[in-house]
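Here is how names work: the chains are called A, B, and so on, in the same order as the sequence lines, proteins then strands, and each is numbered from 1. All of these numbers come straight from a predicted model, not from anything done at the bench.
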2 protein chains.
Amino acid sequence: MNVMNDSPRRKELTRQAAQLFVQEGFDRTTVRMLAQEMGIKSGSLFHHFRDKQEILAAVIEEGTQNALVIARAALEQCDNSAEARLQAMARAHLETLLTDRNAHVVALYEWRRLDPEARNHLSHLRDAYEALWEAVIDEALAAGLIHGDRFLVARFVMGALNWTVRWYDPAGPRSPDDLAHELVAMITHRA
Amino acid sequence: MNVMNDSPRRKELTRQAAQLFVQEGFDRTTVRMLAQEMGIKSGSLFHHFRDKQEILAAVIEEGTQNALVIARAALEQCDNSAEARLQAMARAHLETLLTDRNAHVVALYEWRRLDPEARNHLSHLRDAYEALWEAVIDEALAAGLIHGDRFLVARFVMGALNWTVRWYDPAGPRSPDDLAHELVAMITHRA
DNA sequence: GGGTCAACCAAGCAAGCGCTAGTGTAAATG
DNA sequence: CATTTACACTAGCGCTTGCTTGGTTGACCC
C-alpha cells in the first residue's frame with residue numbers, strides 16, 4: 001500500500017525480522033509476531049512492506065549486499081599474492097557470516113520460500129558474490145597453490161565455510177581469522 | 001491413537017512424506033497433502049503417526065540409520081591405509097546423500113522443526129555417525145596425510161560434503177566417486 | 001461364525017493465518 | 001492556513017490448519 005523505499009526505519013524492521021525468521025523459521029513466523037517484535041500492530045506492518053514475502057526478500061538482500069561490500073573491500077586492501085587473496089576471501093566470508101549472521105542463516109534456510117521474481121533478482125546478487133570467489137580460486141590454481149577442478153574446489157570451499165553457521169560459536173576460543181588460516185592451510189599444497 | 005510400530009506400511013508412508021517435505025518444506029506440507037500423496041484421507045494418517053512432528057522424526061531417523069549402516073559397511077571392506085579409509089568415508093557419505101537424498105535434505109533443512117524430545121534422540125544417532133568420521137580423520141592426522149586441528153578438519157570436510165546437496169546433479173558427468181577423489185586430493189598433502 | 005484388529009473414512013471443530021478496509025494524527029510541505 | 005504524507009490504529013473477512021470423533025470395512029483366528 002505504499003512505496004518500497006529503503007528508509008532507516010525499514011532497515012531496522014528488516015533486522016528485527018531477520019532475528020525472528022532465524023528463531024522460528026519463515027513459515028512459522030506470523031505477521032502478528034513480527035509486528036509485536038517491532039512494537040507496532042500487525043496491520044501497520046503493511047505500510048512498510050507489500051506483503052510477508054517482501055520482508056523475506058529484504059532480509060536476504062541486505063545480507064548479500066553486505067557480503068559483497070565486505071569481500072570487495074577485503075580484496076582491495078590485501079597483498080597481491082594468491083595465498084593472501086585466498087585468505088582474505090575466507091576471512092571476509094566468515095566475518096560476514098558472523099556480523100550478518102541472521103540474514104545469512106535466513107538466506108541459507110529459507111531461499112526456497114522466495115517467489116520466483118525475488119529469487120531471480122537475488123540470485124544475480126549472489127552470482128556476483130560467487131564470481132569473486134571463483135576469480136580468487138583461479139588465481140590460486142594458476143599459482144600452483146591448490147590443485148583440482150576449479151568448479152569443485154570452489155563448491156567445496158564455500159560449503160566448508162557456509163557450514164560453519166551450524167557449529168561455530170563466536171564466544172569460543174577460535175577467531176574467524178583462525179578458521180580462515182586453518183582452512184587455507186588445509187587446502188594449499190606447499191613445500 | 002495407536003502404536004508407533006515400524007510396519008512396512010509405515011516405512012512406505014515415511015518415504016512418501018520425505019519427498020513432499022523436500023518439495024514443499026515441512027511447514028508448508030499439510031497433513032491433507034501428505035494424505036493425498038499416500039492415497040488415504042487426512043484423518044487416517046493419524047492411525048500411523050501420533051502427530052505431524054512424528055512423521056518428520058521418522059523421516060530423519062530412517063535417513064540417519066541408513067547412513068550409519070552404509071558407512072560402517074564401507075569401512076569394513078576397504079584397505080587399512082588412512083587414505084583408503086578417508087576416501088571410503090567420503091564416498092559412503094556421498095552415496096547416502098544420493099540414495100537417501102530426500103531424508104537427508106529434510107534432516108539438513110528441517111532439523112530445527114523437531115521437538116526437543118525427538119531432537120535429543122536423533123542427535124545421539126547423528127553423534128554416532130560423526131564419531132566414525134572423527135576416528136578416520138584422526139588416523140589420517142596420525143599418518144601425516146593431513147595437517148591441522150582435528151575438530152576443524154572434520155567440520156570443514158563434512159561441510160564440504162553436505163553442501164553438495166545444494167549443487168550436485170547426479171545426472172551430470174561426475175560420479176560420487178569422482179567427488180570423493182577430488183575432495184581427498186584437495187585436503188591431503190603428499191609428496 | 002463370533003471376535004479381534006489394523007486400516008481406513010466422513011465430517012467437523014477450534015484456532016490461527018495473511019491481509020484489507022477504513023480511520024486517526026502529528027509532522028512536513030505548498 | 002490548507003493540504004499532503006508517513007505512520008500508526010481497530011476490526012474483521014475468508015480461508016486453512018492440525019487434529020479429533022465416531023464409525024465402517026475386510027482379513028485373519030480359534
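- With rounding to whole Å, Leu45(A) atom CG is found 11 Å from dC19(C) atom C1'.
- In this structure, Glu24(B) places its CD atom 15 Å from P of dT16(D), rounding to the nearest Å.
- The shortest distance between the side-chain N/O atoms of Ser44(A) and the OP1/OP2 oxygens of dC7(D) is not below 4.0 Å.
- Ring pair Trp111(A)/Tyr109(B): centre-to-centre distance not below 6.0 Å.
- In this structure, Gly43(A) and Arg28(A) both approach DNA chain C, and ranking their closest nucleotides by distance from the 5' end singles out Arg28(A).
- Grouping the Ile, Leu, Val, Met, Phe, Trp and Tyr side chains by contacts below 4.5 angstrom, directly or via other members, places Val105(B) with Val105(A).
- An OP1 or OP2 oxygen of dC8(C) is reached within less than 4.0 angstrom by no side-chain nitrogen or oxygen of Lys41(B).
- The pair Glu95(B)-Arg91(B) meets the salt-bridge criterion, since a charged nitrogen lies less than 4.0 angstrom from a carboxylate oxygen.
- With rounding to whole Å, Phe49(B) atom CZ is found 14 Å from dA6(C) atom C1'.
- Side chain of Lys52(B), nearest nucleotide from dC9(C), dG18(C), dC19(D): dC19(D).
- For Arg9(B), a side-chain nitrogen or oxygen approaches OP1 or OP2 of dC8(C) to under 4.0 Å.
- For Asp149(A) (side chain) and Phe151(A) (main-chain N/O), a donor-acceptor pair under 3.5 Å exists by modelled atom type.
- Within a heavy-atom distance below 4.0 Å of DNA chain C, the residues of residues 29-37 of chain A found are Thr29(A), Thr30(A), Val31(A), Arg32(A).
- Residue Ile40(B) contributes atom CD1, which lies 12 Å from atom P of dA10(C) at whole-angstrom precision.
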Please test Thr14(B) against Ile55(B) for side chain to side chain contact (heavy atoms under 4.5 Å, CB included), starting from the C-alpha separation and ending with a verdict.
CA-CA 7 Å; Thr14(B) 301; Ile55(B) 309 179; 5.8 Å; no
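- Scanning residues 105-120 of chain B for heavy-atom distances under 4.0 Å to DNA chain C yields an empty list.
- One atom, CD of Glu54(A), and another, P of dC19(C), lie 11 Å apart when rounded to the nearest Å.
- Aromatic pair His93(B)/Tyr129(B): centroids less than 6.0 angstrom apart.
- Straight-line distance from the CZ atom of Phe46(B) to the P atom of dG18(D): 8 Å, rounded to whole Å.
- In this model, the phosphate group of dA6(D) is not approached by any side-chain N or O of His48(A) to a distance below 4.0 Å at OP1 or OP2.
- Going from atom CZ of Arg10(A) over to atom P of dC7(D) covers 12 Å, rounded to whole Å.
- Between Glu12(A) and Arg15(A), at least one side-chain N (NZ, or NE/NH1/NH2) sits under 4.0 Å from a carboxylate O, which counts as a salt bridge.
- Protein atom CG of Leu13(A) is 13 Å distant from nucleotide atom C1' of dA6(D), rounded to whole Å.
- Geometric assessment of Lys52(B) against the ring of Phe26(B) yields a positive cation-pi assignment under the 6.0 Å and 45° thresholds.
- Of the charged side-chain nitrogens involved, at least one lies within less than 4.0 Å of a carboxylate oxygen, so that Asp27(A) and Arg113(A) count as a salt-bridged pair.
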